[in-house]
Visitor: 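Questions regarding the structure given below will be posed in turn.
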Amino acid sequence: MINTENFEFEGTYHIFSHGNGKEMIFRETSNYQYFLEKLEKYILPIADIYAYCLMPNHFHLLVRFKSFKGIEIEGEHHFLMKNFSNCLNAYSKAFNKV
C-alpha cells in the first residue's frame, strides 16, 4: 500500500505501524520504554502527541504537528517525515541488535 497522505504543519494525524506479519515489535517492558524515549527525542520537537497506544505487534499515535517558520510549504512533508524516519530507524536498529 502506498501512502498518499502528505503531512502538513498544524495538521492532526493518526499514525500507526506494525511488525512484519504478526512479528512482535515490543518483546519486553524495556522495549516500550525505549520506544517512548525515541518518541520524546525525535517526535516531540515537531509534534504534540495527544494519545498513543503501544501493543506487542504495533503502535498507534495521535499527533498534531507544530508550525515552523522558514520551511517552504513544498518541503513540509519531508521535513516532518525525517524525524519519524530517524525515530523508527533508531528503534529498529536497537531492537534488531539483541
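The first residue in the sequence is number 1, and the count goes up from there.
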Visitor: Kindly determine whether Val63 and Ile46 satisfy side-chain contact (heavy atoms from CB on, under 4.5 Å), including the steps that lead there.
Guide: CA-CA 10 Å; Val63 303; Ile46 63 163; over 6 Å; no

Visitor: Ser85: what forms a side chain to side chain donor-acceptor pair (under 3.5 Å) with it, not counting sequence neighbours?
Guide: Asn89

Visitor: To the nearest 0.5 Å, tell me how far Ser92 OG sits from Lys97 NZ.
Guide: 13.5 Å

Visitor: Run the side-chain contact (heavy atoms from CB on, under 4.5 Å) check on Phe26 and Leu54 step by step: do they pass?
Guide: CA-CA 8 Å; Phe26 304 109; Leu54 309 180; 4.1 Å; yes

Visitor: Rounded to the nearest 0.5 Å, what separates atom NE2 in His14 from atom OG1 in Thr12?
Guide: 13.0 Å

Visitor: Would you confirm whether Asn83, through its side chain, and Leu80, through its main-chain N or O, come within 3.5 Å as a donor-acceptor pair?
Guide: no

Visitor: Got a sec, which residues hit ring pair (Phe, Tyr, Trp, His ring centres under 6.0 Å) with Phe68, two or more places apart in sequence or on another chain?
Guide: Phe9, Phe79

Visitor: Say you draw a straight line from CE of Met24 to CG of Asn57; how long is it, rounded to the nearest 0.5 Å?
Guide: 8.0 Å

Visitor: Can you tell me which residue pairs pass the side-chain hydrogen bond (donor to acceptor under 3.5 Å, both in side chains) test with a partner in residues 40-50, sequence neighbours excluded?
Guide: none

Visitor: Can you measure from CD (Glu37) to OH (Tyr34) and round to the nearest 0.5 angstrom?
Guide: 7.5 Å

Visitor: Using the test ring pair (Phe, Tyr, Trp, His ring centres under 6.0 Å), find all partners of Phe84 that sit at least two apart in sequence or belong to another chain.
Guide: none

Visitor: Take Phe16 and Leu62 through the test side-chain contact (heavy atoms from CB on, under 4.5 Å) and record every step on the way to the result.
Guide: CA-CA 9 Å; Phe16 59 94; Leu62 180 62; over 6 Å; no

Visitor: With heavy-atom distances below 4.5 Å as the criterion, would you say the side chains of Cys87 and Leu39 are in contact?
Guide: yes

Visitor: Where the side chain of His77 meets the backbone of Asn6, is there a donor-acceptor pair that is under 3.5 Å apart?
Guide: no

Visitor: Locate the shortest heavy-atom distance separating Phe65 from Ala47; write the atom from each residue and the value.
Guide: CD2-CB, 3.8 Å

Visitor: What residues form a ring pair (Phe, Tyr, Trp, His ring centres under 6.0 Å) with His58, not counting sequence neighbours?
Guide: His60

Visitor: Under the side chain to side chain donor-acceptor pair (under 3.5 Å) test, which residues partner Glu10, sequence neighbours left out?
Guide: Ser67

Visitor: Cluster question for you: counting only ILVMFWY and a side-chain heavy-atom cut-off of under 4.5 Å, with indirect links fine, are Leu36 and Ile15 together?
Guide: yes

Visitor: Any chance NZ of Lys66 has more than 12 other-residue heavy atoms, nucleotides or ligands included, within less than 6.0 Å?
Guide: yes

Visitor: Out of curiosity, Lys38 NZ to Ile43 CD1, how far, rounded to the nearest 0.5 Å?
Guide: 11.5 Å

Visitor: Does any part of the side chain of Ile49, heavy atoms only, come nearer than 4.5 Å to the side chain of Leu44, both counted from C-beta?
Guide: yes

Visitor: Ring centres under 6.0 Å, that's the criterion: do Tyr52 and Phe59 meet it?
Guide: no

Visitor: Quick one: does any side-chain atom of Tyr13 pair with a main-chain N or O of Leu61 as donor and acceptor, under 3.5 Å?
Guide: no

Visitor: Do the non-hydrogen side-chain atoms of Lys93 and Phe95 ever get within less than 4.5 Å of each other?
Guide: no

